[in-house]
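In this chain, residues are counted from 1 in sequence order. All values below come from the heavy atoms of this structure, side chains included, with hydrogens, waters and symmetry mates left out.
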Amino acid sequence: MPFRNRYTGLINKYHDRLPLADDARVISLGEGGTPLIRLNNIPRALGRDVDLYVKFEGLNPTGSFKDRGMTVAVSQAVSEGSKALICASTGNTSASAAAYAARAGITAFVLIPDGKIAMGKLAQAIMHGATVLQIRGNFDDGMRIVKELADEAPVSIVNSVNPYRLQGQKTAAFEIVEELERVPDYHCLPVGNAGNITAHWIGYSELALGPHDEATAACAFCAGHCRYQCGLVRERPRMVGFQSRGAAPFLRGEPVAEPETVATAIRIGNPQSWEYAWAASRESGGWFDELGDDEILDAQRMLAGHEGVFCEPASAASLAGAMRDIRSGRIEQGSTVVCTLTGHGLKDPDVAQRYSAEAVSTVDADTAAVKKAILGRLD
Ligand code: AN7
């Protein structure tokens with residue numbers, strides 16, 4: 001590589017901890033390396049002494065954490081000679097798959113629930129040249145079809161049932177530990193298909209438990225790929241997963257047939273990583289909890305309005321839940337807490353519409369009128 005300090009994505013940075021062949025063609029858009037932002041105003045408003053961070057995964061190339069997994073899954077698919085990708089998606093996976101397929105020069109087929117994905121995500125899939133199939137059904141229907149189809153057609157599945165996806169996504173945990181120089185006490189995530197909470201647990205477990213060993217919990221997830229021995233940390237965080245009340249199979253203890261939530265990214269009733277996510281929760285001493293749509297939207301707006309960070313609704317579930325647990329004391333004072341913000345707010349501009357009446361006023365194009373409007377607001 002000619003420029004040593006040029007960041008070229010997470011495969012180049014973490015290649016010794018990823019299962020790709022050394023000579024694999026790397027399909028990258030410079031994903032990873034997202035900011036870990038320490039919140040100031042929200043902890044103050046909560047009146048609790050906690051170190052609260054957000055890992056802003058919305059700043060990945062296609063605006064969500066999916067890019068971490070997609071760079072690895074697509075690089076592997078291409079090295080196996082694959083000419084086409086397929087996924088079911090609530091939006092972000094399809095945006096990411098479409099972009100990485102374009103980068104690799106291969107075809108992407110994406111199955112999305114009819115009318116239930118955010119506009120920005122659909123725009124991405126279209127612009128990156130994917131074939132978009134809107135199905136008359138929800139994400140879980142799409143997932144079932146994709147799994148059936150992949151056995152019959154020459155297409156690579158790039159949903160998180162593809163283990164390379166989780167391998168890529170585990171690198172977010174590495175970055176957090178590198179930056180904090182410690183392991184957080186709590187790591188909060190929104191949970192939909194449950195791949196990301198599983199991937200983070202793989203990442204933390206590899207750091208804490210070292211190389212592959214039949215006796216370690218990491219083996220349950222890593223498919224024999226954990227070659228990393230760091231010895232930096234021995235602890236692992238408690239993994240806390242938040243769902244939307246209308247789409248909360250982990251709270252019901254079984255799949256939900258008709259999931260419904262304003263946070264369309266996590267409108268999922270039958271999570272594919274069900275067992276792994278339960279294991280992560282159990283082994284880490286964490287928990288699952290659920291939030292109402294209003295609680296999620298309030299947290300999204302609070303984060304945007306008081307910290308300058310705009311995430312999409314599903315992402316705000318992690319912060320909404322963390323705030324509730326910090327307030328109640330379930331997350332103790334003195335804790336270090338990381339919330340993953342899985343996607344960017346610009347993905348779903350429609351949600352801002354509901355606040356536009358109070359935020360946007362129309363005035364005449366004259367200085368006196370604008371002055372009057374400003375002074376009225378400063379009272
Ligand atoms: C913003 O794009 O499942 O629990 O098909 O887009 O790993 O599924 C998206 C999931 C959280 C949940 N936040 O993560 C898809 C898809 C955002 C997301 C999740 C998703 P998982």
Side-chain donor/acceptor of Gln243 to backbone N/O of Val191, under 3.5 Å
yes
Kindly say whether Phe242 contributes a backbone atom to a donor-acceptor pair with the side chain of Glu290 at under 3.5 angstrom?
no
Please answer: with hydrophobic residues joined when any side-chain heavy atoms are less than 4.5 Å apart, are Phe65 and Ile11 in the same cluster?
no
Check this for me, if you would: do Asp298 and Arg301 make a salt bridge, where the nitrogen-to-carboxylate-oxygen distance has to be below 4.0 angstrom?
no
If you measure from the Lys or Arg side-chain nitrogens to the Asp or Glu carboxylate oxygens, is any gap between Asp350 and Lys347 under 4.0 Å?
no
Check the pair Glu312 / Lys121 against salt bridge (Lys or Arg N to Asp or Glu O under 4.0 Å), numbers first and verdict last.
CA-CA 11 Å; Glu312 67 171 287; Lys121 303 174 188 181; 2.7 Å; yes
Could you give all pairs that pass the salt bridge (charged side-chain N to carboxylate O under 4.0 Å, His left out) test and reach residues 105-118, with sequence neighbours left out?
Lys116-Glu260
State whether the side chain of Asn60 and the backbone N or O of Gly63 hold a donor-acceptor pair below 3.5 Å, judged by distance alone.
no
Test ring-ring contact (aromatic ring centres under 6.0 Å, His included) applied to Trp274 - qualifying residues, sequence neighbours left out
Phe250, Trp278
Thr198 side chain to Ala194 backbone, donor-acceptor under 3.5 Å:
yes
Salt bridge Asp51-Arg38, side-chain N to carboxylate O under 4.0 Å
yes
For the hydrophobic clusters of this structure (ILVMFWY residues joined by side-chain heavy atoms under 4.5 Å, transitively), does one cluster hold both Ile112 and Phe109?
no
Derivation and outcome, ring pair (Phe, Tyr, Trp, His ring centres under 6.0 Å), residues Phe174 and Tyr14
CA-CA 9 Å; Phe174 297 164; Tyr14 293 114; 5.3 Å; yes
Taking side chain as C-beta onward, heavy atoms only, is Leu52 less than 4.5 Å from Cys339?
yes
Hydrophobic clusters here meaning ILVMFWY residues chained together by side-chain heavy-atom distances under 4.5 Å, can you tell me if Met302 and Tyr53 are in one?
no
For a quick check under 3.5 Å, do Arg236 and Ser205 share a side-chain donor-acceptor pair by atom type?
yes
With a 3.5 Å distance limit and no angle check, can you tell me whether Ser64 reaches the backbone of Gly343 through a side-chain donor-acceptor pair?
no
Can you name the one residue among Leu111, Asp140, Leu133 that meets side-chain contact (heavy atoms from CB on, under 4.5 Å) with Ile145?
Leu111
Any donor-acceptor pair under 3.5 Å linking the side-chain atoms of Arg165 with those of Asn162?
no
Side chains of Asn193 and Gln272: do they bring a donor and an acceptor to under 3.5 Å?
no
Set of salt bridge (charged side-chain N to carboxylate O under 4.0 Å, His left out) partners for Glu254, sequence neighbours left out:
none
Could you name each residue pair satisfying ring-ring contact (aromatic ring centres under 6.0 Å, His included) that touches residues 302-360, not counting sequence neighbours?
Phe56-His344
For the side chain of Asp293 and the backbone of Val262, is there at least one donor-acceptor N/O pair under 3.5 Å apart?
yes
Which heavy atom of Ala173 sits nearest to which heavy atom of Leu207, and what is that distance?
O-CD1, 4.2 Å
Counting distance only, does the side-chain N/O of Ser75 pair as donor-acceptor with the main-chain N or O of Thr71 below 3.5 Å?
yes
Could you tell me if the side chain of Ile331 sits less than 4.5 Å from the side chain of Val337, heavy atoms only?
yes
Does CD belonging to Gln333 count more than 12 external heavy atoms closer than 6.0 Å?
yes
For Val78, the other hydrophobic cluster members (4.5 Å side-chain criterion, sorted by chain and number) are Ile27, Leu29, Met70, Val74, Leu85, Tyr100, Ile106, Val158
Salt bridge between Asp289 and Arg324, side-chain N to carboxylate O under 4.0 Å?
yes
Verify the distance criterion only: is there a donor paired with an acceptor across the side chains of Asn138 and Glu258 at less than 3.5 Å?
no
Polar side-chain atom of Ser318 near backbone of Ser315 as donor-acceptor pair, under 3.5 Å:
yes
Just by distance, with hydrogens left out, do Thr342 and Glu57 show a side-chain donor and acceptor under 3.5 Å apart?
no
Expected output: side-chain Glu295 to main-chain Gly292 donor-acceptor under 3.5 Å
yes
Kindly determine whether Arg182 and Asp185 satisfy salt bridge (Lys or Arg N to Asp or Glu O under 4.0 Å), including the steps that lead there.
CA-CA 9 Å; Arg182 57 160 293 178; Asp185 300 303; 3.0 Å; yes
With clusters defined by side-chain heavy atoms of hydrophobic residues (ILVMFWY) lying less than 4.5 Å apart, directly or transitively, does Val146 cluster with Ile135?
yes
Are the charged groups of Arg48 and Glu332 less than 4.0 angstrom apart, N to O?
no
Heavy-atom donor-acceptor pair, Asn159 side chain to Val161 backbone, under 3.5 Å
no
I'd like to check Ile42 versus Glu307 (side-chain heavy atoms, cut-off strictly below 4.5 Å). Are they in contact?
yes
Residue pairs, two or more places apart or on separate chains, that pass ring-ring contact (aromatic ring centres under 6.0 Å, His included) and touch residues 72-92
none
Could you tell me whether Lys55 and Glu175 make a salt bridge, using a distance below 4.0 angstrom between a side-chain N and a carboxylate O?
yes
Which one of Arg17, Arg68, His200 satisfies the side-chain hydrogen bond (donor to acceptor under 3.5 Å, both in side chains) criterion with Thr171?
Arg68
Here's one to test your reading of the geometry: is the NZ or CZ of Arg282 within 45 degrees of the ring axis of Trp287 and under 6.0 Å from its centre?
no
